[in-house]
Amino acid sequence: MKIRSIELTNFCKFVGTFRVDNIGDNVNVLVGRNELGKSTLLKAINGAIFEKAKSTAAHVKAFRHFVNGTVPEVKLAFDIDGKSWTIHKRFAGQAGKSTLTCSDGRLFEDDAAEAELQRLLGFAGSRSGGEPGIWGTLWVQQGQSFGDAALDEHGQRTMQGCLEAQVGLVTGGTRGQKIPKAIKDALETLRSSKGPRGKFKDAMDRLAESKQETTDLEAKRQSVFQLMEDLARNKRELKQETDSWDDAAHRREVEAERTKRTVAATHAAELRSATDAAKLACERATQARKSVDDRAKAVAELESLELQLSDLSTASAGAVAAKADAQASVDTGEAKLSDLRSKTSRNAERARNLERIRAIVSLNGEIIQHQLTLDKAASLECEAGKLSELIGAIATTDAAVTRIEEAVTELSAADAAANAVATTVSFALEESALPSVALDGKALDAFATSLPILGKTVITIQDVGAITVEPQIKDRAALVARRDAAHEEVKAALETAGVMDLAAARTAAAQRKEYLRRSADVGKELANLAPGNRTKKLAAGLEALKGHLGELRGRLRVEMEKCGLAEIPGEDDLTSDIANNHAEGARFAAEIETAEAELAGPQDALAQADKKLLSARERLAGLNGTIETKKADLAAGRAGASDEQLTASAESLERDAVARDEQLAEKLRGQGETVEAIDARIKRLEGAAANHQRSVANLGIEVTRLTALIEANEGAGVEEMLLAAEAERDRLTNAIAEFEKEAAVLKLLSETLEAAEGEAKTRYLTPVISRVEPYLKMLLPGANIVLDEDLRIAAIQRAGQREDFDVLSGGTKEQLAVLTRLAFAELLLGQGRPATVILDDALAFSDDDRIESMFDVLMRAGDKVQIIVLTCRKRLFTRLGAAPLEIREAA
Amino acid sequence: MKFIHSSDLQIGKVFGYFEPEVASALQDARQAVVRTLGEAAVKSGATTVLISGDVYEKQQMSQQTLARAIENMRAFKSVQWHLMPGNHDHFRENGLWDRIVRMQLPSNVTVHTQAGAVRIVDEGDAPVFVLPAPLRFTSSADDLTAYMDKEATPEGAIRIGMAHGSIQGFGSEDEASNYVAPSRADSAGLSYLAMGDWHRQMRVNDRCWYSGTPEADQFKLPPNPVSSHCNGGSALLVEVNGSNALPVVAPIPTGRYQWHRIEKVLTEDAQVDLLEGDLRALDSDLSKIVVDLRVTGAVSLAGRKKFDEQILQSVGAALRGLRFDEAGLVLNPTDQDLDEIDHAGFVRVAADRLKAMAAVLSDQGQASLAALALKRLYIEHLRQGTRS
């Protein structure tokens, strides 16, 4: 299809009839300001094709002018399949009219016209109107051009038809699409991403339960068998227990043992009685014998105590004497020690006095030292005064010498300058003639000499006459004046300095300097005489020293008064006194040490003697008490029974005890088995019987219990249940294996189908991509486009990187979408279905470079595809170089 | 005297490799065979039924399983039942047989848990003794029938031995144990030795027979089989006329279900029809038939569909039980099969790929999966209807 012209009458904003003619095969551009009606033009093209003339839909009613509401009409001329067609629609609701005319003379009206139009352009119709299909993609309305070149379902079918015609039948049709889905569904009923589901999962769950049940039943089976074995063992043991036990024999044995016990018990009672009697007799005899012994012991003890008392009295007297001796020795030692200590005390007092005198001597030394300093200071001050006078007498300072030297130098220079221009008059006179010759009236002082003559000079020769020499010298007056001035300066300088000449001046200046140096030395020496002493808080200077000296003298006087000194002793005498006193003190200390050591012995002896005496007195007192008590006890005892009576009674009781012991020994010899032994045996026999009875009872209980347990369990038929459970487990295991196999089969099938379908789609997309790519290279060199299976732009690949369509810039998205539309149009063209691409205000987001590239693309595509560009940007689109279109009002 | 000799009822046995309802039917048949034996006795005029071991499958059976068998015996009042423990239900103290004894056994049922001659009836003047050799363990190293040689009975008595185990020198079935000397009948002066343990009916000698199980329970064919019919399903009617006379032994059918093991090689799709015919010819009532079908060979996808429909779904539904392992049946899809799926498009591409994968012999697991996937694709294609 190629659009040739369009005519609108009273359509939307257009009032009256407007036309766009001469739409060319290639790229056409309609430039117009905003609200000129470019978008209305596209709406009219869509309306003419897809909307039914009789439509009462709101958007069709909206074709009417919003003010005057007159019936809108659109007339669209287009070529298709080598024929020219015109569709004319008058949108008047039920009264609407469609007329389709062909260049071959055919005419279709109303429904026939709508149907033929659908057939011609290959879009689907419906009661309300046509579905734009591929045209919706190729005819881009304002504001939609930057979106993906998405195809609606019909559009996809159209494109798919084109593609399949090129790449062959790549899908299995509708059925082909259903198979992978059915397989995937079947797989999903068996297994999800999380694992088995449905029957498969149910079988797995049941298998786990079945395995557990099998394990439980196996355990129960073993336990029942164990019960059977336990029961058999218990029955055997019970039988053995019963068979091995003779109850009558056991009773007889116990009875015999009890009889034996009665006999043994009687004998044992007799024995106990005899034992008690013997024991009592023995105790009484022992007691009597002890009384005899105790009395003898008391008598002996008393005698011994009285002997001790005598000894102790003697010892006490000795102790008193020893104590008196020791006390005398101690008193002597202590008197000697006391004398030595008072001597030491006096020696110390003297030592302190000598130390004070030593301080006075030291103070006096310091005073003398300070006085010497002050004397020297007075001498130095006198010398300084003399030197000042000498310095004052010499006026020749260094400055005066310098002034003289400069004046002499100037004078020499002035003389030299005059001499340089002076006329030299040389004299070589005979010695005798000398007095006869005068120069300016003055006699010559040498026989031969040369004199410089500066001014007029008269040489008088006695007796000869006068010779006047008057040299002609330029600036003579100045030279003379300079020399005279120099003479004056030399003279003035010498006068000021008070000297005759320069040499004298230099000598005087040197003398003055020497006086100054000596005066400075005296000043320094004076200053060093009293530097001060920070530790004694003595400030520097002679005045401070004088003050300090006064203080020291005051202190000396006070100290001497304290010590009662009329004069200060010599240092050597004092040192000798101190040494003597110190030696005496040391001697006293040694003597005290010796005396103290000597006293230790007598003191110790005194303490020992004292202690001994105390002890002897205490023991004496104690012994006296004991002897009195013992005497009283003995007297009391004898009053009760005499010593003889006591001895006789003891002997009698001892004889009785011996007799009793013999009787007991006799009974012990006749003793048989003990009651305890017989009791143990009886206990053992009774225990054995009880054990037997208990064992029989326990075994009986156990047999009963096990029998009951077996009977309780056997009815269940554990092994039969186990067989069933094992069968179920095996069945489920097999079923699961089958499910797994089925899932594996479905997975393999699904994956194989998916891979094949993916590859087919890749092949299927290739024609579109191959058409996009030449344009893409012009726009984005080095980039590739990626389409999804629904022919949507999924991404582009640049420098090996995939960039999803959604993240691309608006401008790039728009450009890619336009390229894809051009590719679709070319594909249609390839199928003999030339298509028009309409771009309304497209490429609004393109930068200057890109839009130039897009213009190239459009012009290149325009060689094959009819393109109509609607734009408001006149200046920009002038560079497109397309055939211009105009909206003109019809005459 | 006439008696029925049977063994290995193994009541309570389960059949885990069948669907639960089939397994249940097979289990029921084992209980029902007691009645069949009783009826056979009555019908043949036998007064006694000897069961030589393995009346029950296990030791710890449910009360109902135990009691139902005994009650079925009680019902045949004119018949004396003599039961002996075998290896499956060997005698153990306080075990199954003690329990049966405690159950108030009917007077026509005797349990022989001890070795030793027991007089069971008098045949004219001649007393008839049974000499049982009950098992006290699953297997025994001793010949438990040895005692019979010295076990005294009155002169002229008819001695009938009962034993459970393998006869020495006859090869063995399953685990060989509990050996019995083949000459025992002669050496012990037995008129007849009623053997149990082998499920195949077999004559050892004139006086010694295995009765086989009265209801088949496994797909095991006898040596040199002449048909697909597996062992089991009959008992023996024995007639002994005097202590020295040779017994007259005759098999009698007792099985409710016939077990068949059928092996076929399919090389072309049309053979599916022949196989169907063979299966249908097994019996007019296929609900009595249990089949283990072992098919090998290769068929096309269409052939496999035919096999599934005609054999598994049609005949299979009629049979009492069908065990089928498809591992040996290779799918060999033809171009026509693939064309049927699609001529072109990605589905066809996938089908071609699966076919190629199925042909890779180096990876049998993957090849097998691929073949099944192809089969599934074929089925799915059929489900989705013809191509549009």
Side-chain angles (χ1 to χ4, degrees), chain A residues 168-180 182-183 186 220-221 224-225 227-232 235 706-707 710-711 713-724 726-731 734 741-742 744-761, chain B residues 11-20 23-24 27 56-67 88 92-96 98-99 102 341-354 357 365-366 368-377 379-381 383-388:
Chain A
L169 201 59
V170 292
T171 69
T174 312
R175 193 178 58 110
Q177 296 300 318
K178 283 180 184 169
I179 288 175
I183 297 300
K220 197 165 181 186
R221 170 180 175 270
V224 172
F225 279 135
L227 288 174
M228 288 177 186
E229 282 176 20
D230 291 348
L231 179 58
K235 278 181 175 173
L706 290 167
T707 306
I710 290 166
E711 286 176 5
N713 280 294
E714 66 190 3
V718 174
E719 275 196 297
E720 194 174 338
M721 286 158 70
L722 180 60
L723 285 173
E726 283 171 345
E728 176 67 1
R729 181 194 62 195
D730 295 345
R731 196 181 66 74
N734 291 336
K741 191 161 89 177
E742 190 182 352
V745 165
L746 288 169
K747 185 164 176 279
L748 175 65
L749 179 53
S750 182
E751 286 171 355
T752 310
L753 284 165
E754 210 168 274
E757 190 180 13
E759 289 162 20
K761 278 182 175 165
Chain B
I11 292 169
K13 183 169 184 170
V14 296
F15 300 89
Y17 43 86
F18 285 114
E19 289 300 305
S24 178
Q27 263 188 297
Y56 295 102
E57 171 70 0
K58 290 279 179 187
Q59 288 281 333
Q60 298 179 37
M61 307 305 286
S62 71
Q63 183 60 26
Q64 189 184 11
T65 303
L66 281 191
H88 279 262
R92 60 187 299 163
E93 215 174 330
N94 311 305
L96 175 138
D98 278 353
R99 195 172 146 205
R102 284 203 312 273
I341 292 173
D342 216 335
H343 290 294
F346 73 90
V347 178
R348 173 58 188 264
V349 171
D352 287 338
R353 282 187 189 166
L354 290 171
M357 282 164 76
Q366 187 69 3
S368 165
L369 279 184
L372 290 170
L374 191 53
K375 178 184 155 199
R376 181 62 191 250
L377 180 58
I379 292 165
E380 198 57 49
H381 121 79
R383 254 185 220 156
Q384 298 298 338
T386 53
R387 276 181 291 117
S388 53

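Residue numbers start from 1 in every chain, and the chains themselves are labelled A, B, ... in the order their sequence lines are given, proteins ahead of strands.
- With a threshold of 4.5 angstrom between heavy atoms, A:E754 does not approach chain B through any atom at all.
- Only the backbone of A:A716 comes within less than 4.5 Å of a heavy atom in chain B; its side chain stays farther off.
- Neither the backbone nor the side chain of A:L706 comes within less than 4.5 Å of any heavy atom of chain B.
- Only the side chain of B:R102 comes within contact range of chain A, with at least one heavy atom under 4.5 Å from a heavy atom of that chain.
- For A:E728, no part sits under 4.5 Å from any heavy atom of chain B, backbone or side chain.
- With values rounded to the nearest 0.5 angstrom, B:N94 atom CG is found 9.5 Å from A:L227 atom CG.
- Using a 4.5 Å cut-off between heavy atoms, B:E93 contacts chain A through both its backbone and its side chain.
- Within the 4.5 angstrom heavy-atom criterion, no atom of A:E751 approaches chain B.
- Here B:R99 is the residue among B:R99, B:E57, B:K58 with the most heavy-atom pairs under 4.5 Å with chain A.
- For the atom pair CE of A:M228 and CG of B:D98, the computed distance is 8.5 Å after rounding to the nearest 0.5 Å.
- Note: B:P20 leads B:G95, B:A370, B:P20 in heavy-atom pairs under 4.5 Å with chain A.
- By the neighbour-count criterion of 12 heavy atoms within 6.0 Å, atom NZ of A:K220 is sparsely surrounded, having that number or fewer from other residues, nucleotides or ligands.
- When atom types are taken as modelled, the side chain of A:E719 and the backbone of B:Q60 share a donor-acceptor pair closer than 3.5 angstrom.
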>> Apply side-chain contact (heavy atoms from CB on, under 4.5 Å) to residues B:E380 and A:K178 and explain how you reach the verdict.
In response: CA-CA 9 Å; B:E380 198 57 49; A:K178 283 180 184 169; over 6 Å; no
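- Between B:R353 and A:A755 the shortest heavy-atom distance is NH1-CB, 4.2 Å.
- Contact of the A:K741 side chain with the B:L369 side chain is registered, since non-hydrogen atoms from C-beta on lie closer than 4.5 Å.
- The environment of B:Q64 atom CD is sparse: at most 12 non-hydrogen atoms of other residues, nucleotides or ligands sit within 6.0 angstrom.
- Contact of B:A371 with chain A is not made at all, since no heavy-atom distance falls under 4.5 Å.
- For the atom pair B:I341 CD1 and A:I179 CD1, the distance stands at 7.5 Å (nearest 0.5 Å).
- Proximity to chain A (any heavy atom under 4.5 Å) is shown, for B:R383, by neither the backbone nor the side chain.
- With contacts defined as side-chain heavy-atom distances shorter than 4.5 Å, the pair B:L354/A:L748 qualifies.
- How far CZ of B:R376 is from CD1 of A:I183: 5.0 Å, rounded to the nearest 0.5 Å.
- Counting heavy-atom pairs under 4.5 Å between each of B:L96, B:V349, B:D352, B:L372 and chain A puts B:L372 at the top.
- Rounding to the nearest 0.5 angstrom, the gap separating the CZ atom in B:F15 from the CG atom in A:D730 is 14.0 Å.
- When heavy atoms are compared at a cutoff of 4.5 Å, A:L231 approaches chain B by way of both its backbone and its side chain.
- Interface summary for chain A: among B:Q63, B:Q27, B:E19, the most heavy-atom pairs under 4.5 angstrom belong to B:Q63.
- Side chain of A:E720 to backbone of B:S62: a donor-acceptor contact under 3.5 angstrom is found.
- When all heavy atoms of B:G16 and A:A727 are compared, the pair lying nearest together is CA-CB, 3.6 Å.
- Residues A:R221 and B:Q59 are not in side-chain contact: their nearest non-hydrogen atoms beyond the backbone lie 4.5 Å or more apart.
- Within the 4.5 angstrom heavy-atom criterion, only backbone atoms of B:F18 (N, CA, C, O) approach chain A.
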